[in-house]
There are 2 protein chains.
Amino acid sequence: MPQTAPTPWATLGPASINQGQCPVRDVLDHIGDKWTALIVLTLKSSPSRFSALHRAVPDISKRMLTQSLRNLERDGLLSRHVFPTKPPAVEYRLTPMGQSFLRHLESLVAWAEENHPAVREARLRFEAANDEG
Amino acid sequence: MPQTAPTPWATLGPASINQGQCPVRDVLDHIGDKWTALIVLTLKSSPSRFSALHRAVPDISKRMLTQSLRNLERDGLLSRHVFPTKPPAVEYRLTPMGQSFLRHLESLVAWAEENHPAVREARLRFEAANDEG
DNA sequence: CGGAATCCAGCAAGATACTG
DNA sequence: CAGTATCTTGCTGGATTCCG
């Protein structure tokens, strides 16, 4: 028998097509985009209001902040709480699932920080090997 | 004193600008793109030749495969070995750093698979809450 | 304050064809 | 077999403006 490899990505494809079909794509699409991971990391210590997040995450636009927050809320990684004050206040906080995701994110960040020097060295070597010519 | 938060992303920015400056971006840029993570996962069990990878990763084009492999090689996550046979054979294998990265990737995949059902439920609830109008 | 709507540039990536 | 080269497109995300 042909030893069918247990591919984890099953029905991979153009990401947008198999929305919700492939778990790998589902998680990769999250940390892949520009801001989502940063927002999750920012929400680690405490829940935050929209404007606080806007200040905390450098250079993000309100548009992208809104969009990323919606996606995270949609997937159940964070919850949104509206306080009907005047002007309104909206608080975002990680759900338990969001917190469990955060832990994996942090371990990845830790890896990045540990290996960053090695990566930079590798890059220099690679450039050097391809430049002389 | 204003308790300057220890942001892990330091000099974040348009990704392309701070190439090699921000560790978080560095790692996110890798797993963020469409194919890199899948290639690393595929190389887990054994080194592979170009065409084997091309078959193993569904729907990837030769162009993107080449590009992703180059990036991974550049960063020292995998190594490329050319056998000067005729026709040539090229083998790709994870470096030790690549393997350590793979472990984090796998734990992320595991998380994705565990929580996929919950994510899908959350999505359904979210849609339901926004559809009735 | 917390968004939504619109417009637009740039890049990632697909399709296709060619090469040593 | 293992790529490279070129063209083209779709989506991501930035800038700006407006709203309850």
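Every chain is numbered from 1, with letters handed out A, B, ... down the list of sequences.
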Indicate yes or no: does B:Arg123 engage B:Glu121 in a salt bridge with an N to O separation below 4.0 Å.
-> no

In whole angstroms, the gap separating C1' of D:dT12 from NZ of B:Lys34 amounts to 14 Å

Contact list for DNA chain C against residues 76-84 of chain A - heavy-atom distance below 4.0 Å = A:Arg80

Take atom CG of A:Leu53 and atom P of C:dC1, then tell me their distance rounded to the nearest Å.
-> 14 Å

Could you check A:Asp33 against A:Pro87 and say which one's nearest nucleotide on DNA chain D is further toward the 5' end?
-> A:Asp33

Between D:dT12 (P) and B:Arg25 (CZ): distance, integer Å | 15 Å

Protein-nucleotide distance (B:Met64, atom CE; D:dT8, atom C1'), rounded to Å = 15 Å

In whole angstroms, how far is the C1' atom of C:dA4 from the CZ atom of A:Arg70?
-> 10 Å

Check every strand shown and say whether B:Arg63 touches a base, only sugar-phosphate, or nothing at a heavy-atom separation below 4.0 Å.
-> base

Give a yes/no answer on whether the side chain of B:Tyr92 brings an N or O atom under 4.0 Å of OP1 or OP2 in D:dC1.
-> no

Any donor-acceptor pair under 3.5 Å linking the side chain of B:Asn115 with the backbone of B:Ala118?
-> no

B:Ile39 CD1 to C:dA13 P: how many Å, rounded?
-> 11 Å

Between D:dA2 atom P and B:Ile60 atom CD1, what is the distance in whole Å?
-> 14 Å

Ignoring hydrogens and angles, are the base of C:dG3 and the side chain of A:Lys62 linked by a donor-acceptor pair under 3.5 Å?
-> yes

Measure across B:His54 and B:Lys62 and return the closest heavy-atom pair with its distance rounded to 0.1 Å.
-> CE1-CG, 3.4 Å

Under 3.5 Å donor-acceptor, A:Thr95 side chain and A:Gly76 backbone | yes

Comparing nearest nucleotides in DNA chain D, the 5'-proximal residue of the pair B:Val90, A:Pro88 is B:Val90

By nearest nucleotide on DNA chain C, pick out whichever of B:Ser61 and A:Phe50 is the more 5' one.
-> A:Phe50

Would you say a side-chain N or O of B:Arg49 is under 4.0 Å from OP1 or OP2 of D:dA2?
-> yes

If you measure from the Lys or Arg side-chain nitrogens to the Asp or Glu carboxylate oxygens, is any gap between B:Glu106 and B:Lys44 under 4.0 Å?
-> yes

C:dG3 phosphate, OP1 or OP2, under 4.0 Å from A:Thr66 side-chain N/O | no

What integer distance in Å separates B:Trp35:CH2 from C:dC11:P?
-> 22 Å

Taking NZ, NE, NH1 and NH2 as the nitrogens, is one of them in B:Asp59 or B:Lys34 under 4.0 Å from a carboxylate oxygen of the other?
-> no

Whether A:Ser107 side chain and A:His104 backbone form a donor-acceptor pair below 3.5 Å = yes

